[in-house]
Protein chains: 2
Amino acid sequence: MATPRYLEIKQQLLDEINGKPVNSPIASERELAIRFDASRMTVRNAVNELVEEGVLYRDKNKGTFVADRKLIKKNLTSELLQEHDAMDFSVIYFSVKKAEEMAPYLEIKETDYMLRVVRVNKINHRPLSVEEVYFIRSLVSDDEINHLKELLNLNSYIEQGTVTQRFHPMIVPAQYANQLKIKITTPIIMAESTIRSKNGKPLVYIKTFYNPFEKTIEITS
Amino acid sequence: MATPRYLEIKQQLLDEINGKPVNSPIASERELAIRFDASRMTVRNAVNELVEEGVLYRDKNKGTFVADRKLIKKNLTSELLQEHDAMDFSVIYFSVKKAEEMAPYLEIKETDYMLRVVRVNKINHRPLSVEEVYFIRSLVSDDEINHLKELLNLNSYIEQGTVTQRFHPMIVPAQYANQLKIKITTPIIMAESTIRSKNGKPLVYIKTFYNPFEKTIEITS
DNA sequence: CAGTGGTCTAGACCACGCT
DNA sequence: GCGTGGTCTAGACCACTGG
């Protein structure tokens with residue numbers, strides 16, 4: 001069982017959906033089961049995931065239909081990821097220091113060490129956001145510190161954890177106005193994000209200062 | 001089949017989870033199947049929903065565990081709902097008029113009519129937010145207009161639709177600073193929300209101006 | 001009436017973790 | 001080797017829709 005059958009079916013459906021107009025029906029679960037030579041429950045598992053993701057929707061006693069692209073679910077987690085291939089970042093600051101006032105966010109002692117990285121995220125050389133990323137020093141190997149670029153690709157943390165985000169309005173901090181290339185009186189949104197492992201322990205804490213002219217925060221659920 | 005078996009099991013599990021410490025294991029799917037005299041797939045369906053909601057998490061080859069309450073998923077949709085029993089609102093403006101500049105948001109013609117309601121949401125008499133709610137006139141019956149309180153409880157729309165929200169930083173509009181009881185220079189977050197039916201048609205469009213001192217926008221996913 | 005999704009059963013084999 | 005969740009089968013009945 002290299003890749004499960006239902007994931008193959010899901011991918012196949014996804015490919016076919018791309019050529020279909022919005023609100024058009026897909027084949028019934030029984031038909032799909034015959035076509036893919038699988039049991040109905042296996043097909044259903046594939047369809048369930050697509051419904052869950054907002055790619056399809058079901059109408060009871062009627063059928064399953066292609067959803068509008070506008071309705072595909074977006075959780076904000078993706079903001080943290082490099083969703084655009086064109087996105088890039090440069091690290092402008094980096095240090096290992098005692099947690100002190102950040103200790104409560106990482107749920108460690110004030111005297112424990114953390115890794116603090118400040119970066120500017122860019123797309124086509126335009127600044128999207130300034131991000132302060134805080135890691136727990138003891139969870140990061142020396143080797144990882146020497147490969148910051150990969151460490152700051154937070155996917156591995158996000159995939160196996162849960163992300164909580166809080167949004168705060170503010171005037172752009174003076175030291176970041178320049179980085180974001182906006183006026184010092186500009187109102188912005190700052191997002192506080194905590195990535196936690198499944199057992200609830202914080203792994204990473206992030207403050208993101210968004211450039212409102214380059215990035216709109218959007219979620220669909 | 002009054003209520004499906006798996007929903008009964010889900011509720012029973014939910015009740016039991018309330019008495020359990022975070023990260024403690026629940027019984028295995030096979031044990032639960034015996035206990036509830038149901039097939040494993042039925043039990044699994046119940047557990048799946050709880051995992052999906054973030055109440056439980058699974059560790060492959062190990063078991064299923066009680067998740068941290070912090071990790072229970074929150075989509076922002078709930079901001080629009082009256083999640084707190086103590087929450088209340090007063091309508092401060094209400095009219096039926098041509099859509100004009102709002103037409104694109106509701107995807108109707110500029111000369112079509114809409115229902116515009118402005119309300120202040122409060123909790124313990126403190127102003128949480130000012131909300132402009134726009135309905136498509138032709139989708140609202142005369143009877144519903146006479147029962148604004150119920151119409152503005154948007155649950156029925158949200159349950160059967162999809163919600164997209166965009167967040168914008170700004171200085172509080174002068175006319176709302178007073179309603180929110182904040183200074184006229186305060187940076188706030190304004191959320192634009194569109195509720196769409198499954199076929200993608202807009203049903204309701206909402207602009208929410210949040211009082212940053214009373215309400216923090218938070219999501220967990 | 002035929003067809004749909006929603007629910008349910010009673011089995012099965014797999015990969016993997018732990019002891 | 002045993003127990004776990006992950007996947008899968010080949011059926012079944014239900015409530016509901018639409019022709």
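Atoms considered below: every heavy atom in the structure, side chains included; atoms not considered: hydrogens, waters and symmetry mates. Every chain is numbered from 1, with letters handed out A, B, ... down the list of sequences.
- Spacing between atom CG of A:Asn45 and atom P of D:dA10 amounts to 16 Å, rounded to whole angstrom units.
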Please write out the pairs of protein N or O atoms and N or O atoms of nucleotides 16-19 of chain D separated by less than 3.5 Å, giving the distance to one decimal.
from	atom 1	to	atom 2	distance (Å)
D:dC16	O4'	A:Asn61	ND2	3.3
D:dC16	O3'	A:Asn61	ND2	3.4
D:dC16	O2	A:Asn61	OD1	3.4
D:dG18	OP1	A:Lys62	NZ	3.3

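- Comment: A:Arg137 does not engage A:Asp112 in a salt bridge, judged by the lack of any side-chain N to carboxylate O separation of less than 4.0 angstrom.
- Set against C:dT7, C:dG6, D:dT7, the side chain of A:Arg30 has C:dG6 as its closest nucleotide.
- The backbone N or O of A:Glu52 lies less than 3.5 Å from a partner atom in the side chain of A:Lys73, making a donor-acceptor pair.
- Atom-to-atom, CG of B:Asp59 to C1' of C:dC16 comes out at 12 Å; the value is rounded to the nearest Å.
- Formation of a donor-acceptor pair under 3.5 Å by the A:Asn146 side chain with backbone atoms of A:Asp142 is found in this model.
- Residue-to-nucleotide contacts include no donor-acceptor pair under 3.5 Å from the side chain of B:Arg5 to the base of C:dG6.
- For the pair B:Glu52 CD and D:dG6 P, the interatomic distance rounds to 12 Å; values are reported in whole Å.
- Contact annotation: A:Arg44 reaches the phosphate of C:dG6 (side-chain N/O to OP1 or OP2, under 4.0 Å).
- A salt bridge between B:Glu16 and B:Arg35 is present, with a side-chain N of the basic residue lying under 4.0 Å from a carboxylate O of the acidic one.
- In this structure, B:Phe167 and A:Phe167 have parallel ring planes: the angle between them is below the 30° cut-off, well short of the 60° mark.
- Taking only side-chain nitrogens and oxygens, A:Ser28 never comes nearer than 4.0 Å to OP1 or OP2 of C:dG3.
- The pair B:Lys207-B:Glu192 does not meet the salt-bridge criterion, since no charged nitrogen lies less than 4.0 angstrom from a carboxylate oxygen.
- The aromatic rings of A:Tyr105 and A:Tyr205 lie parallel to each other, with less than 30° between the two planes, well short of the 60° mark.
- Protein atom CZ of B:Arg58 is 18 Å distant from nucleotide atom P of C:dC16, rounded to whole Å.
- Spacing between atom CG of A:Asn48 and atom P of D:dC8 amounts to 13 Å, rounded to whole angstrom units.
- Proximity of a side-chain donor or acceptor of A:Asn23 to a complementary backbone N or O of B:Asn199 within less than 3.5 Å is detected.
- For A:Ser39, the listed nucleotide lying nearest its side chain is D:dA10; candidates were D:dA10, C:dG5, D:dG6.
- Of the possible donor and acceptor atoms, none in the side chain of A:Arg44 sits under 3.5 Å from a partner among the backbone N and O of A:Val47.
- With C:dC8, D:dG5, D:dC8 as the choices, the nucleotide that has an atom nearest any side-chain atom of A:Met41 turns out to be C:dC8.
- In this structure, B:Leu56 atom CG and D:dT4 atom P are separated by 16 Å, rounded to whole Å.
- Taking atom CG of residue B:Leu32 and atom P of nucleotide D:dT4, one finds them 10 Å apart after rounding to whole Å.
- Of the residues in residues 7-26 of chain A, none has a non-hydrogen atom less than 4.0 angstrom from any atom of DNA chain C.
- Salt bridge status for A:Lys74 with A:Glu53: absent, with no side-chain N to carboxylate O gap under 4.0 Å.
- The side chain of B:Thr42 places an N or O atom within less than 4.0 Å of a non-bridging phosphate oxygen (OP1 or OP2) of C:dT9.
- Between the P atom of C:dC8 and the CG atom of B:Asp37 lies a distance of 13 Å, rounded to the nearest Å.
- Taking for each of A:Ala38 and B:Thr64 the nucleotide of DNA chain D with the nearest heavy atom, the 5'-most of the two is the partner of B:Thr64.
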